[in-house]
Amino acid sequence: SSATAPLSQLKMYSFMGGGLFCAIVGNILLVVSTATDYWMQYRLSGNYAHQGLWRYCMSNKCYMQTDSIAYWNATRAFMILSGMSCFAGIIAGIMSFTHFSSFERFNRSFAAGIMFFISTFFVLLAMAIYTGVTVNFLGKRFGDWRFSWSYILGWVAMLMTFFAGIFYICTYRMCERRRGTGPR
């Protein structure tokens, strides 16, 4: 029994490490996706153009999105909230790594997992809003268009934050099982 304790702790640290890796990569992708100007590419009067959440670019010149359009504002807000909750999850995840104690009332692994799931939910909302409006409105306005790499990074970030949440909830479940208080 004493030989299985270090093994279960190693497994827990492996899950936390995997969760932190996914979360850090996810947070970087969220920031890059939100900040870059390649959510959509299209042709406008024969010229190549692309746009992000903050700027649009035509003929090698970029301009700020000055219109206060609800779907852009919602997408921006949910992407920012997603990045913030992912960052909070990373902090909680690092704290659960460094201050690990199985006798805490407040489990940092659980808190990190919940923050990653909240981040996943926010980025899902952002991507769904952007996708729906783009396909139903902008896609009809521009004939030759496609989603681009900034947009795709948003979806990849969503998967990374989701898996970070899974890893941390699994860590929490292992911790509870080790304490003997969790469901078996």
Side-chain angles (χ1 to χ4, degrees), residues 9 11-40 52-54 65 68-136 147-179 181-183:
Q9 193 158 2
K11 198 187 303 182
M12 241 175 348
Y13 283 127
S14 298
F15 271 89
M16 287 193 293
L20 266 183
F21 174 77
C22 288
I24 290 168
V25 170
N27 211 29
I28 291 168
L29 294 179
L30 281 168
V31 169
V32 170
S33 172
T34 304
T36 52
D37 302 325
Y38 284 87
W39 279 61
M40 178 182 172
L53 299 177
W54 311 98
Q65 302 266 26
S68 183
I69 299 174
Y71 92 96
W72 269 326
N73 292 340
T75 304
R76 291 172 187 152
F78 285 130
M79 289 299 283
I80 290 167
L81 286 170
S82 177
M84 289 168 55
S85 44
C86 185
F87 186 74
I90 290 170
I91 299 302
I94 290 170
M95 288 172 63
S96 73
F97 229 122
T98 57
H99 302 290
F100 184 77
S101 166
S102 55
F103 300 107
E104 299 170 339
R105 284 184 70 89
F106 176 73
N107 191 298
R108 290 180 185 98
S109 297
F110 183 75
I114 294 302
M115 292 311 293
F116 296 138
F117 285 137
I118 290 170
S119 176
T120 302
F121 178 68
F122 282 146
V123 73
L124 176 64
L125 282 175
M127 300 309 289
I129 290 166
Y130 188 86
T131 303
V133 173
T134 301
V135 168
N136 292 312
F147 291 115
S148 194
W149 61 267
S150 300
Y151 171 83
I152 293 164
L153 288 184
W155 285 109
V156 176
M158 187 193 76
L159 287 174
M160 296 305 280
T161 59
F162 177 74
F163 285 118
I166 295 288
F167 278 125
Y168 267 91
I169 293 301
C170 287
T171 300
Y172 167 71
R173 296 285 302 203
M174 282 189 272
C175 176
E176 288 298 297
R177 190 166 287 137
R178 220 173 85 192
R179 284 193 342 195
T181 58

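Only a predicted model underlies this, so the values are computations on that prediction, with no experimental measurement involved.
Ser14 is linked by a side chain to side chain donor-acceptor pair (under 3.5 Å) to nothing, counting only residues two or more places apart in sequence or in another chain. Applying the side chain to side chain donor-acceptor pair (under 3.5 Å) test to Tyr151 and every residue at least two apart in sequence or in another chain returns Thr131, Trp155. In this view, Ile152 and Val156 satisfy the side chain to side chain contact (heavy atoms under 4.5 Å, CB included) rule, not counting sequence neighbours. Among residues two or more places apart in sequence or in another chain, the side chain to side chain contact (heavy atoms under 4.5 Å, CB included) test is passed with Ile24 by Ile28, Ile90. Residues satisfying the ring-ring contact (aromatic ring centres under 6.0 Å, His included) criterion with Phe121, sequence neighbours excluded, are absent altogether.
Atom CD of Gln65 is separated from atom CG of Leu53 by 8.0 Å, given to the nearest 0.5 angstrom. The distance from the CE atom of Met174 to the OG1 atom of Thr171 is 4.5 Å, given to the nearest 0.5 Å. Annotation: the span from Ser85 atom OG to Leu30 atom CG amounts to 8.5 Å, rounded to 0.5 Å. Put simply, OH on Tyr71 and CG on Asn73 are 10.5 Å apart, with the number rounded to the nearest 0.5 Å. Taken from OH in Tyr13 to OG in Ser96, the straight-line distance is 8.5 Å, to the nearest 0.5 Å. The distance from atom CH2 of Trp72 to atom CH2 of Trp54, rounded to the nearest 0.5 Å, is 12.0 Å.
Looking at every heavy atom in both residues, Leu153 comes nearest to Ser33 through CB-CB, 4.0 Å. Shown here for Gly89 and Ala112, the closest heavy-atom pair between the two residues is O-CB, 3.5 Å. Across Ala126 and Phe78, no two heavy atoms sit closer than the pair CB-CB, 3.6 Å.
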Could you please spell out the steps behind the side-chain contact (heavy atoms from CB on, under 4.5 Å) verdict for Val123 and Met79? CA-CA 6 Å; Val123 73; Met79 289 299 283; 3.6 Å; yes
Given side-chain contact (heavy atoms from CB on, under 4.5 Å), test Met16 with Ser109 step by step and report yes or no. CA-CA 8 Å; Met16 287 193 293; Ser109 297; 3.9 Å; yes
Just do the side-chain contact (heavy atoms from CB on, under 4.5 Å) check on Phe117 and Ile166 with the steps written out, would you? CA-CA 8 Å; Phe117 285 137; Ile166 295 288; 4.0 Å; yes
Does the side-chain contact (heavy atoms from CB on, under 4.5 Å) test come out yes or no for Ile114 and Tyr168, once each step is laid out? CA-CA 8 Å; Ile114 294 302; Tyr168 267 91; over 6 Å; no
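Within the structure, side chain to side chain donor-acceptor pair (under 3.5 Å) pairs that include any residue of residues 111-121 comprise Ser82-Ser119, Thr120-Thr161 (at least two apart or interchain).
A heavy-atom distance below 4.5 Å is not found between the side chains of Phe162 and Phe116.
Residues Trp39 and Phe147 place their aromatic rings such that the two centres sit no closer than 6.0 Å.
A donor and an acceptor atom, one from each side chain of Ser150 and Thr36, are located under 3.5 Å apart.
In this structure, Tyr38 and Trp149 have parallel ring planes: the angle between them is below the 30° cut-off, well short of the 60° mark.
The main-chain N or O of Ala23 is never found under 3.5 Å from a side-chain atom of Asn27 such that the two would form a donor-acceptor pair.
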